[in-house]
Each structure stands twice: as structure tokens, then as C-alpha cells.
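Treat the numbers as computed from the prediction; the structure is a model and nothing was measured. Order of listing sets the numbers, starting from 1, for every ligand and every atom in it.
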Amino acid sequence: MKVDKNISLKAYNTFGVDVKAKQFISVSSEDELFEILKRFYASELFIIGGGSNMLLTQDVEDTVLHVNLKGIEILENHKNHVLVAANAGENWHEFVTYCVNNNFGGIENLSLIPGNVGTAPVQNIGAYGVELKDTFEYCEAINRQTLTKKRFNLEDCEFGYRNSVFKNKLKDQFVISKVVFKLTKKKHNFKLDYGALKQEFAKKKPNLKSISDAVIAIRESKLPNPKTLGNSGSFFKNPIVQREKFEEIQKDFPDMPFYEINNDEIKIPAGWLIETTGLKGFREGDAGVHEKQALVLVNYGSASGQNILNLANLVQEKVQQKFGIMLENEVNIF
Ligand code: EPU
């Protein structure tokens with residue numbers, strides 16, 4: 001177990017925001033995790049995983065608990081599928097790479113998403129037509145009050161678009177320690193409907209590795225790498241609006257991209273809304289709207305969390321003024 005006092009959290013959040021933690025404890029086994037959860041009241045701990053979906057706007061007074069449990073294990077090996085368990089502290093992309101290299105199919109479209117395995121179910125990470133829930137078998141999580149371990153099956157997690165029970169009624173109540181996936185060994189179900197992937201594989205036969213490589217190339221062409229430019233992926237969710245509202249906007253903007261969710265609801269890409277307000281590439285100090293994907297806010301170096309939050313508020317205001325749509329944050333703000 002690693003205990004530090006008064007350390008910077010810059011290396012622990014992908015925005016690269018420099019705030020301090022009074023006390024920082026990193027646990028690398030389930031026993032250590034239990035020990036810390038026992039020692040502190042739930043309200044005294046601030047839990048951090050890969051730090052890829054958070055914006056820290058102030059120093060953290062509570063003790064930061066860094067969940068760094070490593071390990072990947074094949075739980076069941078069948079003719080057509082495997083059950084693979086990954087501990088919460090495994091880096092998500094390294095886990096995807098392990099699966100692709102072992103020819104385990106189902107999460108290749110989720111290549112290069114920043115963050116750790118343990119936080120992936122919280123927001124049901126998704127990209128290029130695939131969401132975590134599609135291969136999720138179950139996860140194990142520790143109840144912070146009772147210190148008992150509970151298994152959450154698919155239906156218990158109430159997964160939705162960038163959403164789960166862990167963000168809603170069970171918010172802050174559990175620490176996910178392990179996630180188990182059901183992945184294919186044969187007859188992979190390739191998902192290639194997303195525009196750029198469809199194009200790439202129009203004349204080429206796909207396999208897990210080539211899909212993963214294509215996803216990596218698409219992401220690298222549009223999305224900034226947090227290692228070189230601080231960011232938290234999409235800062236906002238794509239808003240879902242009623243058809244009437246959509247048609248009203250479409251009158252003025254016939255080229256607006258959209259996805260039909262059902263007869264009544266339409267999802268509009270927030271990146272397009274933001275770009276249309278003219279804010280793509282906008283920069284104030286070191287806080288900016290990414291120049292290639294307006295849905296991503298970036299830290300050019302020394303922006304504070306508050307600077308980035310101010311920019312996020314400006315983006316919300318402009319989109320609200322122009323379209324009458326209030327963008328909802330995807331990133332958690334502290
Ligand atoms: N668009 C613009 N301007 C922009 C950005 C996008 O006009 O600056 C338009 C694009 O031209 C396209 C549409 O918006 O017509 C959708 O863009 P894109 O395919 O880049 O995807 P997105 O809807 O902006 C979502 C996810 C991403 C995920 C991609 C691909 C959310 C909040 N974001 O973005 O997830 O990688 O789809 O599946 O749902 C993340 O969650 O951090 C993330 C990066």
C-alpha cells in the first residue's frame with residue numbers, strides 16, 4: 001500500500017489539472033482495499049481510478065483512494081466464448097489489446113478509450129456502435145457502508161447511454177473491484193456500421209486486430225491523446241430531443257447530423273451543435289475547445305479546473321442561446 005501526503009493529482013487525472021490531495025492512498029489488492037474502506041468512513045474517501053472522466057476544480061480535502069488492482073484472468077473457456085475477468089485498476093486499452101491479441105472478440109471497437117476497467121461500467125463506455133454493456137457479464141463491487149462484496153449482473157446495472165445505476169441510485173455507494181466480460185472466440189459479431197469503419201472495411205475482410213487498428217487510427221485523427229494534451233474525451237453527452245424540437249432546428253439547419261432513437265426521440269451530436277455556435281478551436285488561456293472535435297475540451301498546459309469549467313459553462317450558454325438545448329455534462333465535476 002502506498003501512502004502520500006500533500007501530493008499533486010496532476011498525473012492522476014487525464015485533464016492534467018494540478019490540484020493537491022492532503023492524503024493519497026493507492027491500493028493494489030482487494031485485501032488492502034477492504035482495509036482502507038474499513039479504516040475510513042465512506043464520506044472521508046475520494047475514489048479515483050484512471051481519472052479519465054473527471055474535472056477537478058479544487059484541492060481534495062478527503063483522502064484520495066486510488067484503486068490500482070491489477071490482474072486479468074480467464075474464468076471459463078468454452079468452445080465459442082470465454083469469460084474474462086479484469087481487475088478494476090487494469091488500464092482499459094491494455095485490456096482491449098490483451099483481448100484482441102488472444103482473439104477474444106467484442107470490445108475491439110472500444111480500443112484506445114482512456115481510463116481503467118473499474119470505471120468503465122459506471123458510465124457504460126461506448127464508441128463506434130458498441131457499448132460496454134454488450135459484452136458485460138457481471139461485476140463485483142464492495143459496498144462502502146457494509147463492507148460486503150456484491151455481484152451485479154447486467155440487469156442490476158441499469159445501463160443506458162453513458163449511464164448506469166452507479167451514477168444514479170447507487171452513486172458513491174460501491175467500489176467496483178472486478179469486471180467480467182463474455183467474449184467470442186469464433187463467429188465474432190463485428191460491428192462495422194459506423195461511417196468511417198464501414199468505409200475502411202468496404203473491400204477488406206475484417207478481423208479483431210484490423211478493426212482495433214482502424215478504431216485507433218480514427219480516434220487518433222480526431223481525438224487528442226491525454227498523454228500529450230489534457231482532456232477527458234467527450235465533455236458533454238449528445239442531447240436527446242423530442243422530434244418536434246428536432247424538426248424546428250432542422251428547418252434552419254437541413255444538414256444537421258442526427259440519429260433516430262425511436263419515433264419520438266432524436267439524438268443530435270453535441271460536437272455539431274458546438275461547432276455551429278462557432279466555438280470549435282476557441283481558446284481562453286490554456287482552456288480550449290478542441291480544434292478537431294468540438295465535444296472535447298482540452299487543457300493546453302496550465303489551465304485550472306475552474307478555467308475549464310468556465311469554458312464548459314460558456315459552451316452550454318452559447319448552445320442554449322442558439323438552439324434552446326441545455327447540454328448535460330458527461331464528465332463528473334468535483
Ligand atoms: N461533428 C461536428 N463537429 C465536431 C464534432 C462532430 O460536426 O466538432 C459531427 C460529425 O461530423 C458527425 C457527428 O457530429 O456527423 C458525430 O461525431 P463523431 O462521430 O465524432 O461522434 P460524437 O457523437 O461526437 C460519440 C461519443 C464518443 C465516441 C464517438 C464514436 C458521446 C458523448 N461521445 O461522439 O465518445 O468516440 O461517438 O462512437 O456519446 C467519449 O465518450 O469520451 C467519446 C469520445
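For ligand 1 and Gly233, the ligand atoms under 4.0 Å from any heavy atom of the residue are 42 (O). Contact atoms of ligand 1 toward Pro257: 15 (O) (distance under 4.0 Å to a heavy atom of the residue). Each of the following atoms of ligand 1 lies closer than 4.0 Å to a heavy atom of Phe236: 32 (C). Less than 4.0 angstrom separates some heavy atom of Glu330 from each of these atoms of ligand 1: 32 (C), 40 (C), 41 (O), 42 (O). Every atom of ligand 1 is numbered from 1 in the order shown, and the set under 4.0 Å from a heavy atom of Leu295 is 24 (O), 32 (C). Of all the atoms in ligand 1, the ones that sit under 4.0 Å from a non-hydrogen atom of Pro269 are 13 (C), 14 (O), 16 (C). Near Lys280, meaning under 4.0 Å from one of its heavy atoms, ligand 1 places the atoms 3 (N), 4 (C), 8 (O).
One option in Ala127, Ser52, Ser234 has a heavy atom closer to atom 40 (C) of ligand 1 than any other, and that option is Ser234. In the candidate list Glu291, Gln293, Arg219, Lys267, Arg219 is nearest to atom 36 (O) of ligand 1, counting heavy atoms.
At a threshold of 4.0 Å, the pair Asp4-Lys2 counts as salt-bridged, since one of the basic side-chain nitrogens sits closer than that to a carboxylate oxygen. Salt-bridge check for Glu140 with Lys149: passed, with a basic side-chain N closer than 4.0 Å to an acidic carboxylate O. A salt bridge does not link Glu90 to Lys70: none of the charged side-chain nitrogens sits closer than 4.0 Å to a carboxylate oxygen.
Geometrically, Lys182 does not engage Tyr138 in a cation-pi contact, judged by NZ or CZ lying under 6.0 Å from the ring centre and within 45° of the ring axis.
Looking at Tyr259 against ligand 1, only its side chain comes within 4.0 Å, counting heavy atoms. By the criterion of a heavy-atom distance under 4.0 Å, the side chain of Glu275, and not its backbone, is placed next to ligand 1. With a heavy-atom cut-off of 4.0 Å, Tyr194 touches ligand 1 through its side chain alone.
Of the N or O atoms in Ala294, one or more lie within a sub-3.5 Å distance of an N or O in ligand 1. Residue contacts with ligand 1: Arg162 is placed with a nitrogen or oxygen under 3.5 Å of a nitrogen or oxygen of the ligand (distance criterion only). Residue contacts with ligand 1: Asn238 is placed with a nitrogen or oxygen under 3.5 Å of a nitrogen or oxygen of the ligand (distance criterion only). Below 3.5 Å of separation, one finds no N or O of Lys292 facing any N or O of ligand 1.
Contact record, Ala270 with Asn238: N-OD1, 2.8 Å, taken as the closest heavy-atom pair. In terms of heavy-atom proximity, Glu200 sits nearest to Ala214 at CG-CB, 4.0 Å. Closest approach of Ser232 to Ser52, counting heavy atoms only: OG-O, 2.7 Å.
No option in Phe174, Phe136, Phe159 other than Phe174 meets the ring-ring contact (aromatic ring centres under 6.0 Å, His included) test with Phe152.
Atom 31 (C) of ligand 1 is approached by the protein to below 4.0 angstrom, counting heavy atoms only. Under the 4.0 angstrom criterion, atom 10 (C) of ligand 1 counts as lacking any protein heavy-atom contact. Under the 4.0 Å distance rule, the nearest protein heavy atom to atom 18 (P) of ligand 1 falls inside the cut-off.
In this structure, Asn307 and Asp286 have side chains that are not in contact, with every pair of non-hydrogen atoms separated by 4.5 Å or more.
Look at Gln123 and you'll find every heavy atom at least 4.0 Å from all atoms of ligand 1.
For atom 1 (N) of ligand 1, the closest non-hydrogen atom on the protein side is Trp272 N, 3.8 Å. Protein heavy atom nearest atom 39 (O) of ligand 1, with residue, atom name and distance: Tyr161 OH, 2.7 Å. Annotation: atom 29 (C) of ligand 1 to nearest protein heavy atom, Tyr128 CE2, 4.6 Å.
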* **Stepwise side chain to side chain donor-acceptor pair (under 3.5 Å) test for Ser212 and Glu108** => CA-CA 5 Å; Ser212 173; Glu108 55 285 350; over 6 Å; no

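Judged as a salt bridge (Lys or Arg N to Asp or Glu O under 4.0 Å), and not counting sequence neighbours, Glu76 has no contacts.
Between the side chain of Lys185 and the backbone N or O of His78, at least one donor-acceptor pair lies under 3.5 Å.
Ring centroids of Phe104 and Phe181 are separated by 6.0 Å or more, keeping the two rings apart. Close placement of the Phe253 and Trp272 rings is indicated, their centers lying within 6.0 Å of each other.
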